[in-house]
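In what follows, a structure is listed as structure tokens, so that the remarks can point back to it.
To find a chain, count down the sequence lines: A is the first, B the second, and so on, and within it residues start at 1. Only this structure's heavy atoms are used, side chains among them; waters, hydrogens and symmetry mates stay out.
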Amino acid sequence: MKIPPFKEINPPDQLGYWTNKKTGEKYGGQYISPLLIPNLKKVEEGFKKAMKNKKFLAGLEEQLINHIGIVTPLLRSKELEDIVGGEKKIGKIFLKRTDLHHDSSHKPVSAFSSVYFAKHILKAKKIITETGASMNARAVASACAKLGLECEVHIGAVDSEKVSLNKDITELYGAKIIECHDSTKTLLPAMAAALRSWQNDPTAMYVVGSVCGPHPYPLMVRTFASIVGRITKIQMKNLTGRLPSTVFAVCGGGSNLNMISYPYYREKSVSIFGIESAGKGISSGKHAATLTSNAPIGILLGARSNVLMNDDGQIDESATEASGLDFSGTGPEICYMHSIGRIKFRATTDKEAQETFLMMCRRTGILPAIEACYVIHAALKEIKKRKNPKENHLIHLCGSGESNVTRMLKYKRENE
Amino acid sequence: MKIPPFKEINPPDQLGYWTNKKTGEKYGGQYISPLLIPNLKKVEEGFKKAMKNKKFLAGLEEQLINHIGIVTPLLRSKELEDIVGGEKKIGKIFLKRTDLHHDSSHKPVSAFSSVYFAKHILKAKKIITETGASMNARAVASACAKLGLECEVHIGAVDSEKVSLNKDITELYGAKIIECHDSTKTLLPAMAAALRSWQNDPTAMYVVGSVCGPHPYPLMVRTFASIVGRITKIQMKNLTGRLPSTVFAVCGGGSNLNMISYPYYREKSVSIFGIESAGKGISSGKHAATLTSNAPIGILLGARSNVLMNDDGQIDESATEASGLDFSGTGPEICYMHSIGRIKFRATTDKEAQETFLMMCRRTGILPAIEACYVIHAALKEIKKRKNPKENHLIHLCGSGESNVTRMLKYKRENE
Amino acid sequence: MNKTFQKIFAKAKAENRSCFVAFVTGMDPDYESSKQILIELSKYCSVLEVGVSFNTSTSDSSIIMSANDRAIKSGARTEKIFQLIKEVKSEITSDTAFVTMGYLNQIHVYGIDKYIKDCKKSGVDGCIVVDSNNESPEDELIFKGLTKNDIAFIKLIAPTNDSAYIKQSLKKCSSWVYIVSYAGVTGSKDVNLENVKKLTKMIRKQSNIPIGVGFGVKTLEDVKKVSKLADLVVCGSNIVERIKEGSQNGLSGQNLAHFVSEYVINLAKGVKH
Amino acid sequence: MNKTFQKIFAKAKAENRSCFVAFVTGMDPDYESSKQILIELSKYCSVLEVGVSFNTSTSDSSIIMSANDRAIKSGARTEKIFQLIKEVKSEITSDTAFVTMGYLNQIHVYGIDKYIKDCKKSGVDGCIVVDSNNESPEDELIFKGLTKNDIAFIKLIAPTNDSAYIKQSLKKCSSWVYIVSYAGVTGSKDVNLENVKKLTKMIRKQSNIPIGVGFGVKTLEDVKKVSKLADLVVCGSNIVERIKEGSQNGLSGQNLAHFVSEYVINLAKGVKH
Ligand SMILES: Cc1ncc(COP(=O)(O)O)c(C=O)c1O
Ligand SMILES: Cc1ncc(COP(=O)(O)O)c(C=O)c1O
């Protein structure tokens, strides 16, 4: 498969802002201590160079294809079609199988790209990253192992205590795991700890787990990751002869949504949906649905974006069954796309996602990441409502559920 | 990728025997209670029909590509080359990444094919299978879930008590898991229990976990599975312009070895190596190295083949760290290939495999199934010995190691 | 036809009854008890089917498999079973026939020729080899060897086998043929008389070989009903269960033998027409 | 230049010394204790830097972060910190300057205009906004608002910042500029005098703005050494640790304030040239 080169169709401005022209509202930017400014400048300049460096891009693409395995299938799922009424009523449903990636999720695409960039462009010897559910840490640690870089992972002590397949794999990959005992001892203080550690060691490079953080991270991560979207667009064309009518992806930080939907930003005929976790219900306050709940704009981890926070600006903890979605913010480009209405948002409750998990196992023989179940539930609901047999629907199956098995089996046994 | 159709180049005779012309020794056959003869005849006739049924073959291929994801990458591993002296000394090493399959091993290829066959050719409504480490059960249960067949899995009570990610996933896929309390309460009595259950319900179909069992199972499983070998042969040609010099695969029952090596049986220039588990060392008696230890020929689970057994014909339990290799026999075609010297055998100890596991994690960023570590160790040793910079080496990385993580992390912490 | 079977069938005919066949696993729960059980049962049974334990059998029920386990634990090996039968035969006076029931792997390892020779030596009258495929070279060797030595080759036939298969099997049976009453494992279902009727009818059309019926024969009623259709009635699982029960209650040797035979005596009564 | 700072610098010059700056997190461990601490410290410090706790700060050491946690637990909010400073200012007689140290998100949520207005109202003399990027629109608004209200905008400069960045930052500083002695987090390393020398030299070439130095200043020796190079010497982590220690030992209010000031008095002695 020939993968078309990246084309910038939604550039932020020089300072890393996406600006909503109607409201004047800005998303992104680089709000960070002056101590980190030089580090970010280095990344920013390196990234610009990298995107013009053909050898770098070709080398990265080769590794993404052959090591990460990004040319995963696009699976027509008759089983899901039948669940919502059959092809004749709702059209065709396609699952982008990024669950088949190396390390079983979409995360390795940007993680590997970032580490490859750190090695070949920045000549860094060490990577610093943070993690909650360790999916990102696993992917970064794997890339560091392969590329011969030191890897330092910051994890909240509370998260660290949870039994976690991905954390164990991160350790096997040789990463140094540092527990963070600050504040809530979860993802956010771990991110802060990672940034502080970078402040201490500017020769290292910081890698972020989603399309978040200060400029140029949101831009860089989505640019690297969009290769999956470009591949999928071609696959969709090959299979159906045209663009999909809808694109669905779950949204935690926004990387897998960005990854799959980027190539359709300018394709007006394609409806794009981002699905958040409604946790125990948005009205309960225990959720991670930043955009669906219309969270206000704030400045979190270096970027202007919608943020779950209280009236004093203290960041609220998100709450969701899906640890990969357990984040109080959303990437700035995604917030911008939400603000201009280009991406529509829906939210799925934990209970709905858990039932979808069981359904997927039993009806499709696929073990999805619990994160992916939020999007599948919402997509089926939307597709059923649209009831258009001429449509082709694209759902991003962004990860595999090995690390959810223990909890989900418990849920199954308690609920059946 | 256009996958060339299957071509039979090593057919057994009518009765399912491969005969070594020099020694007259026969491998395979159909040694089974008369009660199962009709069931086997149905499978045998169905399989012949299926292989001529273009619609069936095309449908199966489509699902294997898009659901199981069999077009996995062939990864050039510079990391492994460097470990044994670098490309300039030993040539190139390629890893066939079947670890990236749906359900993370090579097993789903034959499992899905068999269940698809059961549904579309035999019109069966139920599948019966057995399992030890549950890798096969997981794959069969997944296929049954997708294709809407009932799934019954027999597992030894001792195996069942072990914490097992794959067993839990099997349950999530909706399989009915039946504990077998006979004899050693491990794989062999579970296989017997599965066969007995089939005896009780001839409308079901039995699915075997490797290229074992009575005719036509060894033939059918390797024929279905060989599609991966055909794809790999093309990939190798595309990447290097020629055939590989060596092909390495681990050998439990023999399915992944058969799968990858079949297309080279008649290519004299290709050396094929099967790697067994030497457990705690062959001389210790605690191993699973049927062929390397020159086990005698016996009749196990319906087929003449080499078997670990005592002088009264009681089957000996195998012993190995890799539960996927924990089997006292070897598929008949593989035994035949061993007997004529076409496939050479080596064995790797548990300790060597465990060290290889840690090395793979830390140096290549790949989490291999422990089973695959037996082959990697032996392959590197052999490649180093050959010391030929003109050679291209093909190693079958037949599975991913999620289910080995707990034990391996314990090993790492205790040994470092 | 094997001499012992000739005598047995003649006697049964004279007494207007069928022949009762009891199955036990050789050396279950131990050599001495098993010997006493066989000696005791020989008084009430026309045929004793002695299981040669295989630890990886593909067709036995869990009941038989645990009997196999017990036997192997107390040292069961092929040659020990021969010794057992030989000793029992030397101590009994009845014309009871002895049949071994086992799997091919052990015969293969023992050596087919040697196995047949030792059958002869120890007075075995017939052999069942559950997984010996009619078309296999081993089956041919066993058939020829047994025939030459006037030992019965007893083939199993299932209700699901087709007529070609049945024909093939009958060709190799000289003394009697064993009909399995249902497609399933021993002890798992009730005896299926419909199947038995169909199969006996079919077989009697092409041969006048005596017919034995097993699988699911558990009660006196079962024995009576099967007796009306068949020449031999085989009862296995429940006898094996009885051995286990007695043994678990601490019985062994003569005591266990009596405990088992008490049960068998009652069943065996059903063979009278 | 802000009036209070003018006075402070004039006095320091007259006394041939630099100015001692103590950092504490506002409302750590509680409102009343914090108030007493500030009142007490105002006697020995030229400047009090009061941290406005943000639960997700990206640049504070774990020491400061746990102080933030304590403060938030006792109800710290932006308006409470203003109230605290206002009350303290109303009760002291010295010319001590008060500087808030915080992150942009809280100011943004509070409203930049309102924030500045409330700074003015409560007598805040300068503001540090750690993550306010020089080039951001918010930074521009803050700069303009503070300037208009004669409040110092105090920018941080790190040894790793380039000259363009430094120039940009200096443009927005009216009263003094804050040099970070090493690239790292507060309290993690020792004060780096080489870095300080280089940076002060560079800054003094283009501006005669007073220079403060912080990060790693822990001992009397440190204060003495830094005093020779800078106009203000900032000490934070160790004072915060002292508050924690006292508080853990059961001290609060006046008692805690004395326990802390005991330590600060000694440090502050180092400013004499
Ligand atoms: C499988 C999976 N899906 C989705 C997410 C959500 O992250 P994002 O929105 O950045 O793709 C995660 C995060 O860990 C994940 O592991
Ligand atoms: C990953 C993996 N590799 C290898 C094997 C060995 O089986 P075979 O030799 O049949 O391929 C297994 C069996 O479960 C397995 O799971």
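- Contacts with chain A (heavy atom to heavy atom, under 4.5 Å) involve these residues of residues 404-416 of chain B, listed by number: B:V405, B:M408, B:L409, B:K412, B:R413.
- Ranked by heavy-atom pairs shorter than 4.5 Å toward chain B, the options A:M1, A:M360, A:R138, A:Q63 are led by A:R138.
- Residue-level contacts of residues 74-83 of chain A with chain B, in order of numbering, are A:L74, A:L75, A:E79; threshold 4.5 Å between heavy atoms.
- Counting only distance, with no hydrogens or angles, the side chain of B:R97 and the backbone of A:H67 share a donor-acceptor pair below 3.5 Å.
- For the pair B:E402/A:S104, a side-chain contact is recorded, criterion being any heavy-atom separation below 4.5 Å from C-beta on.
- In this structure, the portion of A:T364 lying under 4.5 Å from any heavy atom of chain B is its backbone and not its side chain.
- Heavy-atom proximity under 4.5 angstrom to chain B picks out A:F357, A:L358 from residues 351-359 of chain A.
- Between the side chain of B:H102 and the backbone N or O of A:G365, at least one donor-acceptor pair lies under 3.5 Å.
- Residue B:R363 places its CZ atom among 12 or fewer non-hydrogen atoms of other residues, nucleotides or ligands, all under 6.0 Å distant.
- Looking at A:L367, both its backbone and its side chain come within 4.5 Å of chain B, counting heavy atoms on both sides.
- Below 4.5 Å, heavy atoms of chain B meet heavy atoms from A:L165, A:D168, A:I169, A:E171, all part of residues 164-171 of chain A.
- Nearest heavy-atom pair across B:C361 and A:A145 is O-CB, 3.2 Å.
- Using a 4.5 Å heavy-atom cutoff, the side chains of A:I366 and B:K146 are not in contact.
- If you tally non-hydrogen atom pairs under 4.5 Å between each of A:V71, A:L100, A:D99, A:D103 and chain B, the highest count goes to A:L100.
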